[in-house]
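Heavy atoms only: backbone and side chains are in, while hydrogens, waters and symmetry mates are out. Protein chains get the first letters and strands the later ones, always in sequence-line order, with residue 1 at the start of each. Just so we're clear, the structure is a prediction, and the values are computed from it rather than from any experiment.
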Protein chains: 2
Amino acid sequence: MVAKAEAARRREGTRSRLDDAARAGWLYYVAGNTQDEIASKLGVSRQSAQRLVSLAVSEKLVKVRLDHPIAHCMDLAARLRETFALERVEVVPTDPGHPDPALGIAEATAVEIETVLSATEPVTMGIGTGRTLKAAVDLMSPMDCPHHSAVSLAGNIAPDGSAAFYNVIFSIADKAKTRSFPMPLPVIAASAGERALLHEQASIRKTMALVASASISFVGIGDLGPSAPLKEDGFVTAEELVALQGAGAVGEMLGWTYDARGRFIEGLTNDRVASSPLPSREHGLVIAVARGANKLAAIRPAVTHRLVNGLITDEATAAALLG
Amino acid sequence: MVAKAEAARRREGTRSRLDDAARAGWLYYVAGNTQDEIASKLGVSRQSAQRLVSLAVSEKLVKVRLDHPIAHCMDLAARLRETFALERVEVVPTDPGHPDPALGIAEATAVEIETVLSATEPVTMGIGTGRTLKAAVDLMSPMDCPHHSAVSLAGNIAPDGSAAFYNVIFSIADKAKTRSFPMPLPVIAASAGERALLHEQASIRKTMALVASASISFVGIGDLGPSAPLKEDGFVTAEELVALQGAGAVGEMLGWTYDARGRFIEGLTNDRVASSPLPSREHGLVIAVARGANKLAAIRPAVTHRLVNGLITDEATAAALLG
DNA sequence: TGCGATAGTGAGTAATTGCCCATGCAAATA
DNA sequence: TATTTGCATGGGCAATTACTCACTATCGCA
C-alpha cells in the first residue's frame, strides 16, 4: 500500500517535485536568488519556493563543504598524529551543545570515503557499522565505482533476524555502486560454538579473507556506558553490559570490547562476537570515526594502544585526548 | 607590497580572521546555527558573525554541491545564457539513445507556452511550424485564453494544397482557445513574383503586422542534412537542397535558410519563402526549440549570430554548443 | 608626527526567510 | 457514495539575515 503510493509518486509526483527542489536549491545556493525570485521563476508561491529549497536541503541534494584548514583543528590533528603515531587524523570544529553526535565527523568521513573511492586503481575498503558511519555514507555524493569493493567488517543481522539498520554496507553499495560483500552473520552469536560453525561457511571465509586484504577501513567506536549502542540495539543484554563493565570494558569496535589499556576482554561476549577481527594496522589504514565526551574513554585506548591507526574526530574530543 | 601585506596578514590579522570565517561558516552551514548563536559561541557581535559568514562565502570557503541531474542542466543553461547573451534558456536532461527527437524539449516548451498564456494581460505569440513544436502543443494542458492571440509565422499550405500537418497554429488555437491567425500561404511560393503577389493581400498584410507586434515567438530549427525536414515535407526538392547545401546553408527557421555564419542565403529558395521574417529580437523574445546532434550545425549559428534570443534544448546539445 | 587610506565595528533598518495555521484537493477507505 | 486521511497551498507574522551609515583603529608613508 505504502509501496504503491510510493511507486505512483515516483512515477510523476515526487519525481518532478524533487526536480523542482533541485532547481530551487540551485537557484538559491548556486545562483544566489532570493526565494521570491525563485518563486516567480518557477511559477510558484514564495512559500512553495521556500519549501522546495528546504526540501532540497533535507533530501541532502545540496551539500555544503568547507574548504579551509582551521588552524586550531590542524594543530590538534598534527599533535594527535604525533602523540599517538597515527597515520591519518582529521579534526573538525566542535559545535558545543549540538545534539547530533555525528555532526561534522560524518561530513568529514564522507569526504574521506569519497576520496578513497575516487581512485582509479581498485580498492578494497572495510566498513564497520553504526550511526556515525551510516550518517557519513548518507552524506556522500552518488558515485559509480564498480571497480572498488566494500566489505562489511561486522555482522549485519539484528537480534530479531532483520538486517540491522545501522549496517552500512548496503548504503554504501547503493550510493557508490561498489561491489559489496555483506557479512550475513549476527553481530554476536548465541554461543562460541555457533560462531565457530558460522565462520566455517565458505562464503564467510571468503569475506573474512577479503577483509584481511582491505587497504583501508572505517570503524565506529561504541561506548559501554549506560546507553551503550551495543545494548540499545539489543546485541547485548543489560546484564551482559554490567558484566562487561565489571571486567573493565570501556569501549567497543565491531562488537569487540576492550578495556582502558586496549586489551580485548577475555571471555564474556568476545567469545561470541561474529565480526571480523580488526583489520591489520600493519598492512592498511584502520580509521576510527568517533567524537563526544561519552566516547572519550572508548576512543583513548583505541588510539593509545594502536587498535586503530587513523582517527576522525572533533576539536573538543581531540583536545581532551591530548590534555 | 602586496607580498608584504600578505605576509603581515598571515602573521596575525586575516589569518585568524579567515579561520574565524571558516568556523563561522561551519557553524552556520554544517551545524545549522543561527548567526546569533554563532556570535555568542565565537564571542563576537551578531553583526560580526554575519560578516564572518558572508566572508566565508565570498572567499569561497564554503562550496555548495547539488547532486541532481537538474543541477547540471541549470549550469549549462546559465552558461549558454552568458556565452551567447540569450534572454531565455531552458536545458532539459538528455535521455541518451531515446528515439524521440523532441523528448524533453517538447515538455519544456509546453510548460513555457502555458506560462506565457497564463498571463492575464493579452499577449501576441508567434508560432512556427515543425514536429517539435507540434509535439509541444500536443503536450499542453487545455486552457481557455480568448484574450491571447497566436499568430503563425510560416505558411500553412503544404505543396499538395492541404493544410500542412506540422503547422501548429490550429493545434494551439484548439488547445488553448486563443484567437488564432493562420498564414494561408505556402511555405515556399512557386516564384518570387508569386510571393510578392500573395503578400499584397490585405489579410496577409494584417497577419504580418501582427507578427511584428508579437512579444514572444517559438520557432523550430530544421537541419539541412540528407533528411532535412524541408525536403521530407516536400517544400524543397532534392536538387534545391543540394543547391542550398552548395551555397553553404546549414539550417533553416520558418523556411529561411542560413549559413554557418548566420547569414541568410541569398537567392535560391529564400527568394520565394513566403513565411514572415523572423520576429524582432529587439522588441520580443524569439525562442528556438531544438536538440540533437544532427541539428547542432543549424542551432549554433542561430544562437551565435542572434537569429534568436532564446533557446530550449537538451543537456547534450547544450554541452556541444559550449564545448 | 600627521595624513590618507583601508578595514573593522556597532547600530539601525530593510529585506528575506522560517514557521504556523486554516483551507482545499485528491487518494484511500468504509 | 460519503468519509477520512494525508499532503500541498497560501496568508500572515515572527525570526533571522543583509545592508547602509557613521565612527574608530591601524598602518603605510611622507
Side-chain angles (χ1 to χ4, degrees), chain A residues 1-62 64 66 95 97-100, chain B residues 1-62 64 66 111 114-115 118 120 141-142:
Chain A
M1 184 181 83
V2 169
K4 208 158 72 182
E6 181 65 21
R9 208 174 307 144
R10 193 147 299 171
R11 232 177 301 118
E12 29 204 308
T14 302
R15 158 68 182 286
S16 66
R17 187 170 169 74
L18 266 189
D19 271 15
D20 281 349
R23 272 206 176 75
W26 190 91
L27 288 168
Y28 191 69
Y29 289 105
V30 182
N33 286 277
T34 71
Q35 297 183 351
D36 263 322
E37 292 168 320
I38 296 170
S40 68
K41 282 177 189 176
L42 261 46
V44 298
S45 69
R46 212 268 303 161
Q47 298 83 333
S48 298
Q50 195 273 327
R51 284 184 185 102
L52 286 173
V53 172
S54 89
L55 180 68
V57 174
S58 65
E59 291 293 323
K60 310 260 166 64
L61 262 39
V62 295
V64 275
L66 223 127
D95 180 10
H98 196 285
D100 183 355
Chain B
M1 191 182 82
V2 169
K4 209 157 68 181
E6 181 66 24
R9 210 176 303 146
R10 190 145 299 171
R11 234 178 299 116
E12 33 202 310
T14 304
R15 159 71 177 284
S16 68
R17 186 172 168 74
L18 268 188
D19 248 36
D20 280 349
R23 202 172 282 273
W26 191 90
L27 288 168
Y28 191 68
Y29 288 106
V30 181
N33 287 274
T34 71
Q35 298 182 350
D36 258 328
E37 294 169 316
I38 296 170
S40 66
K41 282 173 187 178
L42 261 48
V44 299
S45 72
R46 184 161 45 76
Q47 297 84 335
S48 298
Q50 195 276 324
R51 283 187 184 101
L52 287 174
V53 171
S54 89
L55 181 67
V57 173
S58 64
E59 291 292 326
K60 305 263 167 45
L61 299 183
V62 295
V64 244
L66 237 144
V111 170
E114 284 177 23
T115 307
S118 64
T120 48
S141 305

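Looking at every heavy atom in both residues, A:L66 comes nearest to B:A22 through CD2-O, 3.5 Å. Scanning all heavy atoms of the two residues, the minimum distance from B:A24 to B:I38 falls at O-CD1, 3.6 Å.
End-to-end axis angle of the helix from C:dT1-D:dA30 to C:dA30-D:dT1, using five pairs per end and rounding to 10°, comes to 30°.
Using a 4.0 Å cut-off, some side-chain N or O of B:S45 falls inside it from OP1 or OP2 of C:dG10.
Atom CG of B:L27 is separated from atom NZ of B:K41 by 6.0 Å, given to the nearest 0.5 angstrom.
When rounded to the nearest whole Å, the span between CZ of A:R46 and P of D:dG10 equals 12 Å. With rounding to whole Å, B:L42 atom CG is found 12 Å from C:dT9 atom P. If you measure from atom CG of B:D36 to atom P of D:dA14, you get 18 Å, rounded to the nearest angstrom. What separates CG of A:L55 from P of D:dC7 is a distance of 13 Å, to the nearest Å. Atoms CD (A:E37) and C1' (C:dT16) sit 11 Å apart, rounded to a whole Å.
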Would you sort out whether A:Y29 and A:V64 count as a side-chain contact (heavy atoms from CB on, under 4.5 Å), showing the intermediate values?
CA-CA 9 Å; A:Y29 289 105; A:V64 275; 5.5 Å; no

Derivation and outcome, side-chain contact (heavy atoms from CB on, under 4.5 Å), residues B:V44 and B:D20:
CA-CA 10 Å; B:V44 299; B:D20 280 349; 5.8 Å; no

Run the side-chain contact (heavy atoms from CB on, under 4.5 Å) test on A:W26 and A:L61 for me, step by step, so that the C-alpha distance in whole Å, both residues' side-chain angles and the decisive distance to 0.1 Å come before the verdict.
CA-CA 10 Å; A:W26 190 91; A:L61 262 39; over 6 Å; no

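Annotation: proximity of residues 47-54 of chain B to DNA chain C (heavy atom, distance under 4.0 Å) is found for B:Q47, B:S48, B:R51, numbered in ascending order. DNA chain C lies under 4.0 Å from no heavy atom of any residue of residues 24-33 of chain B.
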Donor-acceptor pairs under 3.5 Å, side chain of residues 47-56 of chain A to any protein atom, not counting sequence neighbours: which ones?
residue : atom : partner : partner atom : Å
A:Q47   : OE1  : A:S45   : OG           : 3.3
A:S48   : OG   : A:S45   : OG           : 3.1
A:S54   : OG   : A:R51   : O            : 3.3

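The nucleotide whose nearest atom lies closest to any side-chain atom of B:Q35 is, among D:dT17, C:dC19, C:dG10, D:dT17.
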Between the protein and nucleotides 25-27 of chain C, are there any N/O to N/O pairs under 3.5 Å, and if so, what are the atom names and distances?
none

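For the salt bridge (charged side-chain N to carboxylate O under 4.0 Å, His left out) test, residues two or more places apart in sequence or in another chain that qualify with B:D36 are B:R46.
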